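Side chains are part of it too, since the values below use all heavy atoms of this structure and drop only hydrogens, waters and symmetry mates. Because the structure is predicted, anything quoted here is derived from the model rather than measured. Here is how names work: the chains are called A, B, and so on, in the same order as the sequence lines, proteins then strands, and each is numbered from 1.
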Amino acid sequence: MPDDAHRSAAVSTRRMTFAQGLLEAQAIALEQDPSVYLMGLGAPDPKGIFGTTSGLLQRFGPERVQDMPLSENAMTGVAVGSAITGMRPILTHQRVDFALVAMEQMVNQAAKWFFMFGGQVPVPLTIRMIVGRGWGQGPQHSQSLQAWFAHVPGLKVVMPATPADAKGLLLSAIEDDNPVICLEHRWLYGLADEVPEGPYRVPLGKARLMHGGGGKAEVTLVGLSYMSLEALRAAEILAEQGIEAEVIDLRSVRPLDEATILDSVARTGRLVVADTAHVRFGAGAEVVSLVVEQAFDKLKAAPVRIGLPDFPTPTSKALSDSYYPRAPHLVAAALKLLGRPVDPELFAVPEGRNLDQPDSSFTGPF
Amino acid sequence: MPDDAHRSAAVSTRRMTFAQGLLEAQAIALEQDPSVYLMGLGAPDPKGIFGTTSGLLQRFGPERVQDMPLSENAMTGVAVGSAITGMRPILTHQRVDFALVAMEQMVNQAAKWFFMFGGQVPVPLTIRMIVGRGWGQGPQHSQSLQAWFAHVPGLKVVMPATPADAKGLLLSAIEDDNPVICLEHRWLYGLADEVPEGPYRVPLGKARLMHGGGGKAEVTLVGLSYMSLEALRAAEILAEQGIEAEVIDLRSVRPLDEATILDSVARTGRLVVADTAHVRFGAGAEVVSLVVEQAFDKLKAAPVRIGLPDFPTPTSKALSDSYYPRAPHLVAAALKLLGRPVDPELFAVPEGRNLDQPDSSFTGPF
Amino acid sequence: MTSASAASAGSAAALANGPDPELLWRLYRLMLYVRLVEEKIVALYPEQQMRCPVHLSIGQEAPAAGVAAALRPGDQAMSGHRSHGHYLAMDADLDGMFAEIYGKAPGCARGRGGSMHLIDRAKGFLGAVPIVGSTIPIAAGAAFTSKLRGDGKVTVIYLGDGAAETGVFHETLNFAALKKLPLLFVCENNLYSVYSPMEVRQPLGRPIAGIARAHGVATWEGDGNDAVAVWQMASEAVEACRAGHGPAFLELATYRWREHCGPNFDNDIGYRTVEEYETWRARDPLARHKALLQDRLGADDAAFAALEGELQARIDAAVAKAKAAAFPVDTLSPEDCYA
Amino acid sequence: MTSASAASAGSAAALANGPDPELLWRLYRLMLYVRLVEEKIVALYPEQQMRCPVHLSIGQEAPAAGVAAALRPGDQAMSGHRSHGHYLAMDADLDGMFAEIYGKAPGCARGRGGSMHLIDRAKGFLGAVPIVGSTIPIAAGAAFTSKLRGDGKVTVIYLGDGAAETGVFHETLNFAALKKLPLLFVCENNLYSVYSPMEVRQPLGRPIAGIARAHGVATWEGDGNDAVAVWQMASEAVEACRAGHGPAFLELATYRWREHCGPNFDNDIGYRTVEEYETWRARDPLARHKALLQDRLGADDAAFAALEGELQARIDAAVAKAKAAAFPVDTLSPEDCYA
Ligand SMILES: Cc1ncc(C[n+]2csc(CCOP(=O)(O)OP(=O)(O)O)c2C)c(N)n1
Ligand SMILES: Cc1ncc(C[n+]2csc(CCOP(=O)(O)OP(=O)(O)O)c2C)c(N)n1
Ligand SMILES: [Mg+2]
Ligand SMILES: [Mg+2]
């Protein structure tokens with residue numbers, strides 16, 4: 001993609017996981033700027049927040065890579081306070097569900113500080129939080145609150161979906177002079193892909209056209225975070241049926257890349273948005289509203305939102321298997337938009353595939 | 001309105017303020033059910049939360065009308081704990097901005113308790129919170145977070161706009177066996193109107209067609225909370241220009257009354273939604289998405305959202321006057337939808353009218 | 001507005017004279033029961049049929065047993081992520097627990113919660129949730145109901161040393177002291193919050209109990225691996241709560257043997273030393289209490305074997321039931337989150 | 001990772017010998033300045049041109065003065081809703097404050113914040129916000145920066161008795177003690193949180209300072225209406241912070257004369273007695289300190305009049321400037337909330 005520096009041919013890449021991409025971004029930031037420090041429950045521990053901080057303690061020492069008390073609210077405030085006095089903290093909350101106790105600091109303070117004091121004081125703060133399903137984590141360990149953060153002017157919100165973007169977006173977030181919320185889907189950590197060497201930035205506020213764009217596409221699939229991968233799978237299935245889809249990985253929820261979405265819908269006239277959160281009052285509503293407001297006459301059919309049903313996440317596999325939407329749901333939505341029949345076989349689960357694991361290497365207890 | 005018991009002819013009414021309506025609902029609830037109690041910072045104090053709890057201490061005693069420590073998070077938990085053991089608390093946070101410290105208890109616990117424990121334990125809890133602008137309150141004392149609460153399955157969310165609904169909706173909320181968030185706009189408290197005597201309920205989840213519905217209307221104006229009154233004013237201005245509008249006061253944000261909205265849009269084909277919150281990722285996006293998904297072919301033009309711009313609330317009157325949308329903005333939106341010209345005179349402010357007060361009786365320092 | 005009701009004469013006598021044989025056996029039985037249930041989880045977890053996190057309390061059984069033995073029927077308890085022992089010691093439904101961990105329909109939370117969401121209201125176990133600190137004010141709310149109603153119940157809230165770092169803990173201490181709630185805080189200080197030792201989280205040399213004391217709360221500090229000592233402290237504390245003297249606080253030193261979450265040992269990963277682990281292993285609350293029963297009551301191997309056999313049979317039956325039980329039917333709807 | 005740097009010899013000497021005349025005058029000047037600024041707000045507020053809430057600290061001037069006098073240039077302070085005195089005592093910009101309250105363009109927050117959002121970073125006043133408790137951890141973050149950088153700065157966080165009920169206060173005490181931050185907590189206990197007296201919010205008979213002590217924080221308790229006493233305590237505390245001994249905590253007894261928010265008296269509405277008010281009125285920190293200057297230094301009326309005249313002129317000029325200043329231009333855009 002032209003907007004992504006790291007896709008340029010000159011840079012060599014290696015395969016690494018999403019978690020390693022995050023790790024590399026943080027190592028680069030710690031290396032290049034002495035005001036960067038990292039703080040989070042367990043950040044220096046042997047598991048290193050699912051491998052995203054592993055080895056950083058050893059490399060940068062205990063002042064730059066800090067554990068913290070189980071006091072998410074105060075520690076978010078401490079991060080704000082150190083950010084307005086010259087540091088550049090990276091704070092990690094291991095689940096957005098835990099960070100609910102820290103909303104006040106994020107929303108009243110971090111987001112508004114620069115504005116409410118007359119534009120004098122930047123808050124260069126990155127807050128990493130894990131969203132989405134883990135392994136049987138249920139109602140209080142799997143929420144996805146991007147719509148909340150995106151509703152708050154003053155924050156920036158990113159949701160990388162690939163290892164390369166994980167590295168490039170996180171580095172941009174850390175270098176940005178504003179509070180950036182980085183929401184990382186638990187199921188992405190183990191995912192491996194090509195990642196360029198060295199420092200590079202993926203710009204905040206830019207979506208990525210992941211697939212298609214040749215001009216014959218009949219439907220635009222917009223994904224957030226993990227759902228971008230399901231959208232990609234959906235596009236493959238649609239292609240088998242002779243339907244071309246454009247897939248956009250939103251990447252940034254705030255600011256929202258209106259142009260990339262509108263351009264695609266202008267080409268296809270049809271929109272499916274797939275979110276990792278509850279549909280109702282979710283981020284998909286903003287995408288739909290934006291498209292309707294700006295491209296009403298380009299729409300050939302009503303846009304469709306895909307996401308979680310309107311009740312909390314159940315833990316039992318028997319209940320969660322049908323709770324989470326996946327590629328077939330996007331395919332079915334696209335087919336309906338095109339007035340094509342949907343084969344129920346589409347939803348069949350292959351032998352040996354467990355729907356509560358991203359792949360078979362992913363096991364409990366986390 | 002047929003769905004509102006209190007509009008039936010048999011019941012006598014008196015004029016009272018929105019605050020008095022809330023007060024009456026709580027007095028009735030305390031009177032009729034010994035498990036109801038009231039708790040909030042200053043609930044028993046001489047100002048009685050802007051008059052909404054005045055006299056209740058004297059009438060019901062200090063066990064039923066309690067002050068509390070400045071510990072919003074714990075006190076919300078205490079309310080949850082007493083609700084699951086047989087009490088029916090009414091908790092008040094004087095501003096939704098303060099309640100940001102209590103999100104964890106509201107969202108992880110209150111909202112999910114019934115579901116996550118298998119439907120065994122109801123949580124009959126009402127949480128009243130003030131939203132919207134006061135008097136020069138600025139960035140941290142005037143937020144409107146209905147979109148957040150509405151995104152959370154397990155909560156119900158109401159936003160009364162009239163004194164009669166304040167009473168009837170709050171009584172329904174208190175009697176409901178689920179956590180209900182009652183968001184009260186600061187500018188409504190002093191508003192007076194007819195309110196029926198005695199106990200009556202306005203159903204949760206029902207919008208109200210406030211104006212129009214005769215069949216010739218060309219546009220639907222949906223308002224939330226205080227913006228419903230601006231919508232009503234907008235309808236009057238439109239009427240002067242020969243345009244009939246239907247005005248819907250949403251009243252409940254969750255559950256959302258889809259039928260009332262869809263019916264009206266089916267008649268008019270045009271929609272303007274006016275919210276008290278930031279437009280981006282706001283409740284209006286859900287209303288627009290709902291209408292687009294369910295009534296795409298009824299729409300004659302793209303729906304329009306009206307609300308706060310995408311930056312925090314400034315305090316200075318010089319900045320806030322243009323920050324808050326009002327009736328003329330709705331009128332202009334409707335005219336544009338109808339392809340009619342907008343006279344800039346529409347936005348002129350009458351001599352002596354201060355835009356930072358709902359009326360001249362409203363003064364500082366709160 | 002008082003819940004005062006004198007502690008029963010029996011318990012006062014027991015307090016004076018130390019535990020009687022029946023109580024000593026009860027403490028052992030409770031601890032063994034918790035241990036065996038969790039060892040069963042250890043054995044079965046690798047089958048990957050328990051598809052949710054599990055936080056085992058092996059090595060920490062004494063607090064649950066000693067505290068539960070100091071309560072009377074009608075009393076209540078709540079807990080957090082590491083709640084198996086607290087739940088089981090209240091005599092809460094074992095079948096419901098295993099079914100819940102297996103995600104089955106008869107689970108105590110109908111499969112919606114998993115191991116971190118145990119509940120059995122009939123037995124006074126009002127619920128456990130895995131957001132650290134969150135049940136602390138909720139338990140205070142339950143105690144507040146008791147205070148308002150004068151129903152004489154005492155509510156226990158179990159928490160860890162990590163939970164003592166949450167703001168809501170402090171807020172609840174203040175409120176409980178203010179309202180003189182019949183609330184017993186039981187803090188199991190096992191030295192770690194996940195893999196983080198005390199010294200990266202709390203200033204050294206100040207007890208957690210001292211914070212409670214500063215709020216005007218009566219406190220006890222002691223050996224959390226000694227069931228009799230726990231029972232003794234808890235009995236005094238519960239009596240004080242029930243007498244209307246306000247909340248009480250126990251800080252109990254103990255140690256988790258296995259990994260923070262999951263069935264394995266994790267001394268190899270480096271966050272704690274094998275020496276430290278071995279020291280605490282040597283303080284096994286069960287072995288210690290078994291010796292007491294042998295010494296003081298002359299309990300013989302047959303008695304222990306009989307007890308273990310009985311409990312094991314009960315556990316095996318519960319597991320078999322859970323495995324055989326149906327999964328919940330997949331017809332949840334938005335209505336399911338509203339009463 | 002240390003910020004240790006010895007307190008200046010001068011301040012150590014002053015501590016030993018008690019305040020010198022210059023310091024005594026400085027304390028009076030600071031208090032009078034704060035008093036006169038707020039009395040000016042009282043006089044002008046009814047014009048309805050200050051269109052935002054105001055929380056006056058009349059009667060509570062001694063903590064701001066005594067603490068500020070114990071600091072040295074480069075030190076920092078933060079506060080909450082009742083921050084005028086704390087801001088002014090740091091010698092922060094008076095013009096900017098009045099302009100802010102009038103919502104004018106040269107306001108210290110460009111009119112975006114109003115009276116509850118004062119800031120003057122050049123003078124070390126890092127900001128005040130009206131969410132009770134929220135600046136406590138933010139100030140700790142500023143102190144954390146000092147610790148990490150070893151810049152020798154001390155940061156003061158002012159809070160009320162109500163703020164001591166927030167969870168984040170407890171969390172911050174723990175963190176500050178853990179990291180030995182150069183952070184001075186100054187708790188102005190004025191007995192009320194809005195109209196709510198202590199007895200509906202906190203258990204009676206336990207000092208707030210006791211909670212800080214339980215966290216291992218060094219504490220001082222004293223008369224918050226005695227500027228010299230405050231200065232004395234603050235000087236010791238600041239010295240301890242600067243020496244790297246970790247955070248310190250002052251609990252200062254004081255009293256707000258006027259209504260919680262706004263310019264008026266409100267003893268008529270019934271939340272406190274006129275007797276109580278009169279008792280505290282008699283402990284006027286200014287009158288008391290004036291008597292000290294008269295007694296100890298033989299200060300005469302002319303000296304007081306000259307000081308008052310000078311300050312009043314400065315205040316009048318600031319008000320005139322603020323009234324004459326332009327309103328901010330109404331072209332804010334979403335870009336204005338990003339750096
Ligand atoms: C608010 C919150 N923050 C973080 C977590 C992640 N977490 C789960 S258990 C735990 C450790 C708690 O330690 P402690 O209270 O001592 O209990 P223990 O595990 O030692 O029994 C943490 C940090 C959480 N569940 N909730
Ligand atoms: C989190 C939060 N809760 C409630 C309020 C409303 N409020 C503003 S000031 C105040 C009283 C604070 O009392 P205290 O800390 O003693 O300060 P004082 O006003 O006495 O100076 C309250 C409750 C708030 N601003 N923030
Ligand atoms: Mg622990
Ligand atoms: Mg106070």
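Looking only at side-chain heavy atoms (C-beta outward), B:Trp113 and C:Val129 come within less than 4.5 Å of each other. Counting heavy atoms from C-beta outward, C:Glu171 and B:Pro69 have side chains that stay 4.5 Å or more apart. Residues C:Ile138 and B:Gln105 meet the side-chain proximity criterion, which asks for heavy atoms closer than 4.5 Å.
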Please evaluate residues C:Leu332 and B:Phe115 with respect to the criterion side chain to side chain contact (heavy atoms under 4.5 Å, CB included), reporting the C-alpha separation (whole Å), side-chain torsions for both, the decisive distance (0.1 Å), and the verdict.
CA-CA 10 Å; C:Leu332 289 180; B:Phe115 176 87; 3.8 Å; yes
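For the atom pair OG1 of B:Thr85 and CD of C:Gln76, the computed distance is 6.5 Å after rounding to the nearest 0.5 Å. Distance check: C:Ile131 CD1 to B:Glu104 CD gives 5.5 Å after rounding to the nearest 0.5 Å. Atoms CZ and CD, from C:Phe144 and B:Gln66 in turn, are 3.5 Å apart once rounded to the nearest 0.5 Å.
Between chain C and the residues B:Asn178, B:Asp176, B:Asp177, the largest count of heavy-atom pairs under 4.5 Å involves B:Asn178. Highest contact tally toward chain B, considering only C:Thr155, C:Thr135, C:Thr145, is held by C:Thr145 [criterion: heavy-atom pairs under 4.5 Å]. Of the listed residues B:Val121, B:Val80, B:Asn108, the one with more heavy-atom pairs under 4.5 angstrom with chain C than any other is B:Val121.
Minimum interatomic distance between B:Phe117 and C:His117 (heavy atoms only, all atoms of both residues): CE2-O, 3.4 Å. When every heavy atom of C:Thr172 is checked against every heavy atom of B:Ala74, the shortest pair comes out as OG1-CB, 3.8 Å. When all heavy atoms of C:Ser134 and B:Gln109 are compared, the pair lying nearest together is CB-NE2, 3.3 Å. Shown here for C:Cys337 and B:Gly154, the closest heavy-atom pair between the two residues is SG-N, 3.6 Å.
Distance alone, capped at 3.5 Å, is enough to place a donor-acceptor pair between the C:Arg149 side chain and the B:Gly86 backbone. Of the possible polar contacts, one joining the C:Tyr338 side chain to the B:Leu155 backbone as a donor-acceptor pair under 3.5 Å is found. At least one donor-acceptor pair under 3.5 Å links the side chain of B:Gln120 to the backbone N or O of C:Cys108.
Only the side chain of C:Asn174 comes within contact range of chain B, judged by heavy atoms closer than 4.5 Å. Both the backbone and the side chain of C:Ala142 come within contact range of chain B, each with at least one heavy atom under 4.5 Å from a heavy atom of that chain. Contacts between B:Asn73 and chain C at a heavy-atom distance below 4.5 Å involve backbone atoms as well as side-chain atoms. With a 4.5 Å cut-off on non-hydrogen atoms, C:Ala105 does not touch chain B at all. When heavy atoms are compared at a cutoff of 4.5 Å, C:Leu181 does not approach chain B at all.
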